[in-house]
Amino acid sequence: MQSQCVRVPLKPGATQQFVDWLGSVRHREAEMLHAMQQEGVHFELMALQRGETEDTLLFFMQARDLAAAQNAFASSQLPIDVETRNVIESCWDTARASVLEVLLTLGPVDA
């Protein structure tokens, strides 16, 4: 399993749009999980860091093959993926995104 964490600044004024969109798709969990499965993604986590001058998204992902997962997402015609790409285009400042060094990933642990 490969892991990646990316720091993505949000475009000025786009934070609420992104947060609202995430809230609006929460009820589409089955659709999102299906898309993740199609792409070979095992886990995703998004965390928002609000700052005085800009807001930043930390996006953590685990997949069997990160490059294959990213390519599958980019070419997917599933409605949730098309919508997600549009929101990313509107809200994320991908030109300033940076990959963080993942130092440790644990789990899952059976109780």
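All heavy atoms count here, side chains included; hydrogens, waters and symmetry mates do not.
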Enter the distance from L78:CG to M32:CE here, rounded to the nearest 0.5 Å.
-> 13.0 Å

Co-members of V82 in a cluster of I, L, V, M, F, W and Y side chains, linked at under 4.5 Å | none

Step by step, would you call W21 with T84 a side chain to side chain contact (heavy atoms under 4.5 Å, CB included)?
-> CA-CA 9 Å; W21 178 78; T84 301; 3.2 Å; yes

Determine, using the 4.5 Å side-chain heavy-atom cutoff (strictly less than), whether V19 and L58 are members of one ILVMFWY cluster.
-> no

Rounded distance (nearest 0.5 Å) linking atom CD of Q4 with atom CG of L66 | 5.0 Å

Please report the C-alpha distance between F60 and S3 in whole Å, then the side-chain angles of each, then the deciding distance to 0.1 Å, and finally whether the side chain to side chain contact (heavy atoms under 4.5 Å, CB included) criterion is met.
-> CA-CA 7 Å; F60 178 82; S3 299; 3.9 Å; yes

With sequence neighbours left out, the residues meeting side chain to side chain donor-acceptor pair (under 3.5 Å) with T15 are D55

Exercise answer: donor-acceptor pairs, residues 33-52 side-chain atoms, under 3.5 Å, sequence neighbours excluded:
none

Can you pull the salt bridge (charged side-chain N to carboxylate O under 4.0 Å, His left out) pairs that have at least one residue in residues 81-91, sequence neighbours excluded?
-> R28-E83

Hey, what do you get for CE (M61) to CZ (F73), rounding to the nearest 0.5 Å?
-> 9.5 Å

Rounded to the nearest 0.5 Å, the CH2 atom of W92 sits from the CG atom of L57 at a distance of 5.5 Å

Throw together a table of side-chain donor-acceptor distances under 3.5 angstrom for residues 94-104, partners on residues two or more places apart or in other chains.
from, atom 1, to, atom 2, distance (Å)
R96, NE, D93, OD2, 2.7
R96, NH2, E54, OE1, 2.4

According to a 4.5 Å side-chain heavy-atom criterion applied to Ile, Leu, Val, Met, Phe, Trp and Tyr, with indirect links allowed, do V25 and I88 form part of one hydrophobic cluster?
-> yes

Which value, rounded to the nearest 0.5 Å, describes the distance between K11 atom NZ and C91 atom SG?
-> 7.5 Å

Hey, does the side chain of S76 reach the backbone of A72 with a donor-acceptor pair shorter than 3.5 angstrom?
-> no

